[in-house]
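Chain letters run A, B, ... following the sequence lines, proteins first, then strands; residues in each count from 1. Just so you know, these numbers use all the heavy atoms, side chains as well, and skip hydrogens, waters and symmetry mates. A quick note: this is a predicted structure, and the numbers were derived from the prediction, not measured.
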There are 2 protein chains.
Amino acid sequence: MKKYEIIEDHFKKKIQSGDFPVDSLLPSEYDICARFSATRTTVRKALDELLREGYIKKEHGRGSRVIERIKTLGLPSVKGFSNAMKQEGDAVFTQEPIIQKWSDQQIFALSDKEGEGDCVYFQRLRLIDQKPVLVENNWYSGSMLELVRSEEFLDGSFFKTLSQRFHIDIIGVEQEIMAKSASAEIASMLTIQEGDPVLFIAVRYQTSLEDFHIYGSWFCNTEDFPIVSNTFS
Amino acid sequence: MKKYEIIEDHFKKKIQSGDFPVDSLLPSEYDICARFSATRTTVRKALDELLREGYIKKEHGRGSRVIERIKTLGLPSVKGFSNAMKQEGDAVFTQEPIIQKWSDQQIFALSDKEGEGDCVYFQRLRLIDQKPVLVENNWYSGSMLELVRSEEFLDGSFFKTLSQRFHIDIIGVEQEIMAKSASAEIASMLTIQEGDPVLFIAVRYQTSLEDFHIYGSWFCNTEDFPIVSNTFS
DNA sequence: AAGTGGTCTAGACCACGCG
DNA sequence: GCGTGGTCTAGACCACTTT
């Protein structure tokens with residue numbers, strides 16, 4: 001294993017476990033050099049990777065600061081989420097996590113290993129200003145990861161739970177985006193009319209655990225809260 | 001100016017101008033070192049930037065190869081585009097570039113400098129397998145860039161023309177995505193029924209020319225060709 | 001075997017933030 | 001003034017590709 005990967009993994013684990021919480025500073029590059037008997041070139045390569053993967057930001061003259069990583073999880077953030085989602089009551093479980101057979105609702109094909117057993121399924125309704133804006137269906141392989149009960153979600157976040165409790169990280173996202181007419185069921189959940197246009201997004205998250213994916217299908221009412229995406233180089 | 005930026009800009013310009021066409025190899029890192037009196041650390045930093053911005057890929061043992069850069073321009077590529085768009089007749093001008101007043105069709109606010117004069121507007125209909133899938137409205141500031149006639153588009157690409165002829169590069173994208181019901185006009189262009197759900201995307205491209213943006217609004221029939229997006233770290 | 005990129009060492013000086 | 005990250009030099013050895 002390469003030395004910069006050793007350093008990178010060391011701090012990644014420390015950040016995930018909370019030893020370096022959000023907004024804290026990592027040791028200085030010189031300290032890390034001494035701790036790992038490495039030169040700054042190597043240490044900076046490791047930190048550059050953490051930077052690229054969205055774990056830290058660099059502050060010239062101050063240090064490397066741990067940041068909230070959610071924002072790097074692909075494109076779809078709903079406009080106003082970051083502000084409006086701060087208070088509680090942002091998401092409601094309309095179906096607690098249960099074990100069931102795989103349905104044919106996933107757009108993406110399952111890997112062989114995933115298809116062997118049953119899946120865990122849960123559904124949430126996300127609200128902004130008490131207004132329902134997103135119906136979120138989620139599936140993952142029950143044979144590869146135990147059922148995580150909704151009460152166990154750290155800060156209400158499934159991904160945070162995955163990362164901190166199981167050390168499984170999201171390393172990629174694939175998405176298919178379509179406009180659809182709302183079904184009666186979706187319409188009633190989003191309090192719109194049947195047949196109104198909704199945004200449908202099929203998601204597959206690739207994780208650091210081989211052959212383990214999170215599948216999602218989202219129905220969004222984009223009337224008041226369009227999906228936004230920023231990409232800057 | 002930093003030395004790695006000088007090297008980076010040098011090869012960026014050479015790539016844009018076609019001196020290093022797609023699939024060609026840049027000089028070896030050692031050659032670049034000699035040419036710029038720099039060390040490999042510095043040269044590699046410059047090449048890393050070109051890599052990150054999607055100009056080149058690295059091939060261990062062979063060299064740094066120039067790649068097609070379109071794929072890095074944000075999220076929305078239409079499924080099947082890369083295959084189906086190879087043949088001609090992929091896009092039809094439904095409105096040749098003309099100079100007109102700014103309309104209120106842009107979602108994003110104009111910068112002061114852009115709002116001073118008129119704008120250049122053009123509309124295209126994009127086809128896949130002879131089937132219309134995307135109505136594409138485009139605006140840019142006529143006071144900051146001359147009107148480019150459709151015949152002057154290099155390989156039919158406005159961005160390629162911007163880059164190679166005017167050395168203006170896309171450095172960021174903002175998008176708002178909504179589901180809408182098709183208007184009569186849009187429906188007839190996409191050969192669907194009025195009221196059918198269509199995907200609406202408002203786009204603002206940020207460019208390397210300060211305060212100069214490209215604005216777009218797209219109406220997509222996603223029935224047969226959903227929008228896809230992949231993000232991997 | 002020769003040439004390429006990938007990793008790493010051991011230093012140096014500069015620019016920024018803060019007490 | 002001191003500690004931090006940002007840039008840069010001069011060199012070494014390794015892993016991969018091609019001839």
message: Could you walk me through whether A:I56 and A:L47 satisfy the side-chain contact (heavy atoms from CB on, under 4.5 Å) test, starting with their C-alpha distance in whole Å, then the side-chain angles of each, then the deciding distance to 0.1 Å, before giving a yes or no?
response: CA-CA 8 Å; A:I56 61 169; A:L47 294 179; 4.2 Å; yes

message: For B:Y140 and B:F158: C-alpha separation, side-chain torsions, deciding distance, then whether ring pair (Phe, Tyr, Trp, His ring centres under 6.0 Å) applies.
response: CA-CA 11 Å; B:Y140 62 85; B:F158 181 59; 5.3 Å; yes

task: Begin from the C-alpha positions of B:E146 and B:R165 and carry the test salt bridge (charged side-chain N to carboxylate O under 4.0 Å, His left out) through to its verdict.
output: CA-CA 12 Å; B:E146 64 189 80; B:R165 183 163 149 204; 3.2 Å; yes

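For the pair A:T39 and B:E29, both in contact range of DNA chain C, the more 5′-proximal nearest nucleotide belongs to B:E29.
No donor-acceptor pair under 3.5 Å is formed between the side chain of A:Y121 and the backbone N or O of A:W102. Using a distance-only test at 3.5 Å, with no hydrogens or angles considered, no donor-acceptor pair links the side chain of A:R126 to the main chain of A:A91.
Between B:S28 and C:dT4 there is a side-chain N or O to OP1 or OP2 distance below 4.0 Å. Look at B:K2 and you'll find a side-chain N or O under 4.0 angstrom from OP1 or OP2 of D:dT7. Considering only side-chain N and O atoms, B:Y4 lies nowhere under 4.0 angstrom from the phosphate OP1 or OP2 of D:dC8. Taking only side-chain nitrogens and oxygens, A:K58 comes nearer than 4.0 Å to OP1 or OP2 of D:dG6. The phosphate of D:dT4 has neither OP1 nor OP2 within less than 4.0 Å of any side-chain N or O from A:S64.
For the pair A:L25 CG and C:dG17 P, the computed distance is 14 Å after rounding to whole Å. Between A:K45 atom NZ and D:dT7 atom P there is a gap of 15 Å when expressed in whole angstrom units. Taking atom CG of residue A:D48 and atom P of nucleotide D:dG5, one finds them 12 Å apart after rounding to whole Å. Between A:R44 atom CZ and C:dA10 atom P there is a gap of 18 Å when expressed in whole angstrom units. Rounded to whole Å, atom C1' of C:dT7 lies 11 Å from atom CD of A:E5. Put simply, NZ on B:K3 is 15 Å from P on C:dC14, counting in whole angstrom units. In this structure, B:K57 atom NZ and C:dT4 atom P are separated by 19 Å, rounded to whole Å. Look at CG on B:D31: it is 13 Å from C1' on C:dG5, rounded to the nearest Å.
Contacts of B:T41 with the nucleic acid, taken as non-hydrogen atoms under 4.0 Å apart, include base atoms.
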statement: Nucleotide by nucleotide, nucleotides 12-19 of chain D touches protein heavy atoms under 4.0 Å in the pattern (B base, S sugar-phosphate only, - none) B--BBSS-

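Taking the ring centroids of B:F122 and B:F153, they lie under the 6.0 Å cut-off.
A:Q164 CD to A:Q16 CD: the interatomic distance, rounded to the nearest 0.5 Å, is 8.0 Å.
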